[in-house]
Student: 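Right, I'll just put the structure down here and ask away after.
Owing to the predicted nature of the structure, the values given are computational and were not obtained by experimental measurement.
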Amino acid sequence: MTAYWINTFTAVHDDEKLAAYIALAGPAMTGAGGRFLARGTPAAVFEQATVQRTTLIAFPDVDTAVAAYHCPAYQEALRALGDGAEREIRIIEGLPT
């Protein structure tokens, strides 16, 4: 069943580190089987939500999404980001179609 990776930035402290992360994370996610569905700043927010960058990535299943987080290429992206941002990452399973 399809799984969705939702990455929401809650604070950005260093734009250069964020840019380095983005350059590495995109190829890491697609290389691990992910397909970007949306990314950027929200068009609208409600109920105390952040207006920071949000990314939605589809994976074939939860195991593939979790493995993508732990893959060497994504870990390299995380090292590049370092303390440059604070984020929340959620992986949720899609509903049956």
Student: Assigning hydrophobic clusters by single linkage (Ile, Leu, Val, Met, Phe, Trp, Tyr; side-chain heavy-atom cutoff under 4.5 Å), is Leu81 placed with Val12?
Tutor: yes

Student: Is a side-chain donor or acceptor of Gln75 paired with a backbone partner of Tyr69 at a separation under 3.5 angstrom?
Tutor: yes

Student: On the 0 to 90° scale, with breaks at 30° and 60°, tag the Tyr21-Phe9 ring pair as parallel, tilted or perpendicular.
Tutor: perpendicular

Student: Met29 and Arg35: side chain to side chain contact (heavy atoms under 4.5 Å, CB included), yes or no, with the steps?
Tutor: CA-CA 8 Å; Met29 293 293 98; Arg35 182 171 54 93; over 6 Å; no

Student: Calculate, to the nearest 0.5 Å, the distance between atoms CG and CD1 belonging to Leu37 and Ile57 respectively.
Tutor: 8.5 Å

Student: Would a single hydrophobic cluster contain both Leu78 and Phe59, if residues Ile, Leu, Val, Met, Phe, Trp and Tyr are joined by side-chain heavy-atom contacts under 4.5 Å?
Tutor: yes

Student: Looking at every heavy atom in both Asn7 and Arg87, which two are closest together, and how far apart are they?
Tutor: ND2-NH1, 3.3 Å

Student: Ignoring hydrogens, what is the shortest heavy-atom contact between Ile92 and Ile6? Give both atom names and the distance.
Tutor: CD1-CD1, 4.0 Å

Student: Grab the two heavy atoms, one from Ala3 and one from Ile91, that are nearest each other, plus how far apart they are.
Tutor: CB-CG2, 4.2 Å

Student: Any chain of hydrophobic side-chain contacts (each under 4.5 Å) joining Phe36 to Tyr74?
Tutor: yes

Student: Linking I/L/V/M/F/W/Y whenever their side-chain heavy atoms sit closer than 4.5 Å, directly or via other members, would Val66 and Trp5 fall into one cluster?
Tutor: yes

Student: What do the steps show when you test Lys17 against Asp15 for side chain to side chain contact (heavy atoms under 4.5 Å, CB included), and what is the final call?
Tutor: CA-CA 6 Å; Lys17 288 182 179 181; Asp15 289 331; over 6 Å; no

Student: Kindly indicate, with the supporting measurements, whether the criterion side chain to side chain contact (heavy atoms under 4.5 Å, CB included) is fulfilled by Arg53 and Ile22.
Tutor: CA-CA 11 Å; Arg53 181 181 180 85; Ile22 291 169; 3.8 Å; yes

Student: Locate the shortest heavy-atom distance separating Thr64 from Ala32; write the atom from each residue and the value.
Tutor: CG2-O, 3.4 Å

Student: Measure the CZ-CG distance between Arg90 and Leu56 for me, rounded to the nearest 0.5 Å.
Tutor: 13.0 Å

Student: Do you know which two heavy atoms are closest between Val51 and Pro42, and how far apart they sit?
Tutor: O-CD, 3.4 Å

Student: What heavy-atom pair brings Ala77 and Ala25 nearest, and what distance separates the two atoms?
Tutor: CB-N, 3.7 Å

Student: Once rounded to the nearest 0.5 Å, what's the spacing between atom CD of Glu88 and atom OG1 of Thr54?
Tutor: 9.5 Å

